[in-house]
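Here's the structure, in structure tokens; my notes come after.
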Amino acid sequence: MLMRTDPFRDLDRFAQQVFGTAAPGTWSKPAAMPMDAYRAGDEFVVCFDLPGVDPDGVELDVERNVLTVKAERRPLPTGDDVQLQVSERPLGAFSRQLFLGDTLDTDHITADYDAGVLTIRIPVAEKAKPRRIEIAGTGERKEIKA
């Protein structure tokens, strides 16, 4: 089970989308990155949109049951003869934290980055998987006396 961490960050992101006030994220106040999360069989999958981010600029940490993703999108290198005409792609620092439930196996998390999408796969812990419990019986009937 995944739990969201900061409802105010979601409110800020919504306000930025509605009012167009998106400011570049900084390390002291990083911007949120869009994500999708779903369960596929025996694992949870979380996908983060990070287009234009160098894979070396992505940090992924797990401490206890908190998954932290940090990334930075830097401006394109330009020279003195370049005049920027339109700049709509957000730059700066991005961060997102997810609280992972005890039912997830944080020791076997895998991640890959392809076409600007960071995909994290978190297996469900063996102890949390459904299992059948056999009922043992001797086959003898016993009478209980009060």
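These figures come from a predicted structure and were not determined experimentally.
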Subject >> By side-chain hydrogen bond (donor to acceptor under 3.5 Å, both in side chains) - contacts of Arg39 (at least two apart) >> reply: none
Using atom types as modelled, flag every donor-acceptor pair under 3.5 Å from a side chain in residues 108-116 to any protein atom, sequence neighbours excluded.
unit_1	atom_1	unit_2	atom_2	d
His108	ND1	Asp105	OD1	3.3
His108	ND1	Asp105	OD2	2.6
Tyr113	OH	Leu50	O	2.7
Tyr113	OH	Val53	O	2.6

Subject >> Ile120: which of Val45, Val62, Leu67, Leu98 passes side chain to side chain contact (heavy atoms under 4.5 Å, CB included) >> reply: Leu67
Original post:
How would you list, by chain and number, every residue that makes a side-chain hydrogen bond (donor to acceptor under 3.5 Å, both in side chains) with Asp54, sequence neighbours excluded?
Top reply: none
Original post:
Any side-chain heavy-atom pair from Glu63 and Asp61 closer than 4.5 angstrom?
Top reply: no
Subject >> Closest contact, heavy atoms only, Arg96 versus Met33 >> reply: NH1-O, 2.5 Å
Original post:
Of all residues at least two apart in sequence or in a different chain, which pass the side-chain hydrogen bond (donor to acceptor under 3.5 Å, both in side chains) check with Thr119?
Top reply: none
Original post:
Once you round to the nearest 0.5 Å, how far does CZ of Phe94 lie from CD of Glu72?
Top reply: 9.0 Å
Subject >> Partner set under side chain to side chain contact (heavy atoms under 4.5 Å, CB included) for Asp49, not counting sequence neighbours >> reply: Pro34, Pro51, Val117
Original post:
From Arg64 CZ over to Thr106 OG1, what is the distance, rounded to the nearest 0.5 angstrom?
Top reply: 12.0 Å
Original post:
Which is it for Val124 and Leu104 under the side chain to side chain contact (heavy atoms under 4.5 Å, CB included) test, yes or no, and what are the steps along the way?
Top reply: CA-CA 4 Å; Val124 174; Leu104 299 178; 4.3 Å; yes
